[in-house]
Amino acid sequence: MSADTSVRLPGMHAKNPVMTASGTFGYGMEFAPYGDLRGLGGIVVKGLSLLPRTGNPMPRIAETPCGMLNAIGLQNCGVEVFLRDKLPRLPFTETPIVANLYACDADEFAELAGVLSAAEGVAALEVNISCPNVKAGGIAFGQDPAMAGKLTEAVKKRAGDKPVWVKLSPNVTDIVGVARAAVLGGADVLTCINTLTGMAVDIRSRRPRLANVIGGLSGPAIKPVALRCVWQVCQAVSAPVIGVGGISSAEDVLEFILVGAHAVQIGTANFMRPDMAFRIAERLPALMDELGIKNLDAYRGTLAAG
Ligand SMILES: Cc1cc2nc3c(=O)[nH]c(=O)nc-3n(C[C@H](O)[C@H](O)[C@H](O)COP(=O)(O)O)c2cc1C
């Protein structure tokens, strides 16, 4: 095997581009029985808030054709418990651990960033300005370029030397406008994309399938949307982009690199098989060899004109 799968991102070196997406891989250790966490390019943990959250009422997951809807509502243990009980168990010296941040306003985001930036084992801060499942903030932040810029700036000021990733929403008319605002606000990396808003109903009970009625669509059904967003954002900004949305094979990974992504995150596919991210990371070098790709820098963004 000769392919070099390594990826350089601001302040970080990943052995491969295969990371896991926030909210689909717990706090990391839950997946240790299914593979070696050190074989992943990075682990993005479940969205963290300053205080623990119980999330939305059940049901909050519904299966859909080629995907799923979720309205978890950012249930999490809170940043203090994460830093005390979860992070120390992760192999953070070998695999970059990325904290995903959720807050209701700029001050809260800044405070959370301050707490996380002091943690040795945290490699980067991913700011979730795109969650469709919460009443305060969430997606509304990511739909307004000015707000996206302001929140990014607030986090960046308190992030110390930790790189700031901003996670964008596809639920906008112009994702490029929000991407540019985030970069102007100081984003080092952009993550594209969070879930698409959707809903599902039951014709017999006449009830929505999610207690929250509306949820976020993810899985293979959204891959073409994610690919389009990543391509558009890569054309518009020079910050590295991490692609996420429906990725479930090493071939999918290369599709995102081809349109310009530096790395990718595996999300809903982890629900299809808990060892999926490990398998994809293992398969990638052989696929690169098959296609004659020596390293990812040489392949990235080389999509030919249509
Ligand atoms: C059950 C579930 C929970 C999620 N929780 C979060 C979260 O806490 N923070 C976040 O930024 N994204 C969250 N996401 C979005 C994913 O990280 C990812 O952006 C999205 O699902 C698209 O990727 P996929 O199609 O590979 O799942 C969640 C997604 C799912 C399915």
Side-chain angles (χ1 to χ4, degrees), residues 18-28 30 42-49 52-56 58-79 82 98-103 109 112 124-134 137-139 141-142 151 155 164-171 175 189-198 210 212 215-230 241-249 252-253 255-256 261 263-274 276-277 280:
V18 183
M19 306 186 171
T20 55
S22 180
T24 66
F25 207 70
Y27 299 101
E30 296 89 333
I43 297 171
V44 186
V45 299
K46 174 66 189 166
L48 297 164
S49 44
R53 289 174 58 94
T54 50
N56 291 328
M58 314 255 184
R60 47 192 196 177
I61 294 251
E63 203 170 330
T64 59
C66 291
M68 67 186 259
L69 282 164
N70 92 82
I72 304 295
L74 291 162
Q75 177 185 11
N76 77 96
C77 62
V79 69
F82 170 72
V98 179
N100 180 280
L101 285 68
Y102 167 73
F109 263 117
L112 189 54
L125 310 182
E126 183 177 70
V127 191
N128 180 4
I129 55 164
S130 44
C131 180
N133 303 322
V134 284
I139 201 169
F141 290 154
L151 293 177
V155 170
V164 173
W165 301 6
V166 175
K167 186 158 177 184
L168 303 182
S169 172
N171 303 297
I175 194 167
V189 171
L190 299 175
T191 307
C192 298
I193 56 175
N194 211 314
T195 54
L196 286 125
T197 49
L210 297 173
N212 192 54
L217 181 66
S218 62
I222 73 164
K223 197 187 83 179
V225 179
L227 205 58
R228 183 267 296 169
C229 290
V230 168
V241 172
I242 298 189
V244 49
I247 298 172
S248 61
S249 68
D252 289 347
V253 174
E255 287 185 23
F256 279 80
V264 299
Q265 295 173 1
I266 313 297
T268 299
N270 297 309
F271 294 91
M272 287 147 73
R273 289 187 64 116
M276 189 68 104
I280 293 174

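One-based numbering, in listed order, for ligands and for the atoms of each.
The CD1 atom of I247 lies 11.0 Å from the CG atom of N270; values are rounded to the nearest 0.5 Å.
Every residue meeting the side-chain hydrogen bond (donor to acceptor under 3.5 Å, both in side chains) condition with Q75, not counting sequence neighbours, appears here in chain and number order: R60. In this structure, the side chain to side chain contact (heavy atoms under 4.5 Å, CB included) partners of V244, at least two apart in sequence or on a different chain, are A21, T191, Q265. Taking F25 as the reference, F31 meet the ring pair (Phe, Tyr, Trp, His ring centres under 6.0 Å) condition, with sequence neighbours excluded.
Side chains of N76 and S49: a donor on one and an acceptor on the other come within 3.5 Å.
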query = What's the verdict on side-chain hydrogen bond (donor to acceptor under 3.5 Å, both in side chains) for N128 and S130, showing C-alpha distance, side-chain angles and the deciding distance?
reply = CA-CA 5 Å; N128 180 4; S130 44; 3.2 Å; yes
Note down each nitrogen or oxygen pair, ligand 1 side and protein side, whose separation is under 3.5 Å; give only atom names and the distance to 0.1 Å.
unit_1, atom_1, unit_2, atom_2, d
ligand 1, 5 (N), K46, NZ, 3.1
ligand 1, 8 (O), K46, NZ, 2.9
ligand 1, 8 (O), G47, N, 3.2
ligand 1, 9 (N), S22, OG, 3.1
ligand 1, 9 (N), N100, OD1, 3.2
ligand 1, 9 (N), N128, ND2, 3.3
ligand 1, 11 (O), N100, ND2, 3.0
ligand 1, 11 (O), N128, ND2, 3.3
ligand 1, 11 (O), K167, NZ, 3.1
ligand 1, 12 (N), K167, NZ, 3.0
ligand 1, 14 (N), S22, O, 3.2
ligand 1, 17 (O), S22, O, 2.7
ligand 1, 17 (O), K167, NZ, 2.7
ligand 1, 19 (O), K167, NZ, 3.0
ligand 1, 19 (O), I193, O, 2.9
ligand 1, 25 (O), G219, N, 2.7
ligand 1, 25 (O), G246, N, 2.7
ligand 1, 26 (O), G246, N, 3.2
ligand 1, 26 (O), G267, N, 3.2
ligand 1, 26 (O), T268, N, 3.4
ligand 1, 27 (O), T268, N, 2.7
ligand 1, 27 (O), T268, OG1, 2.6

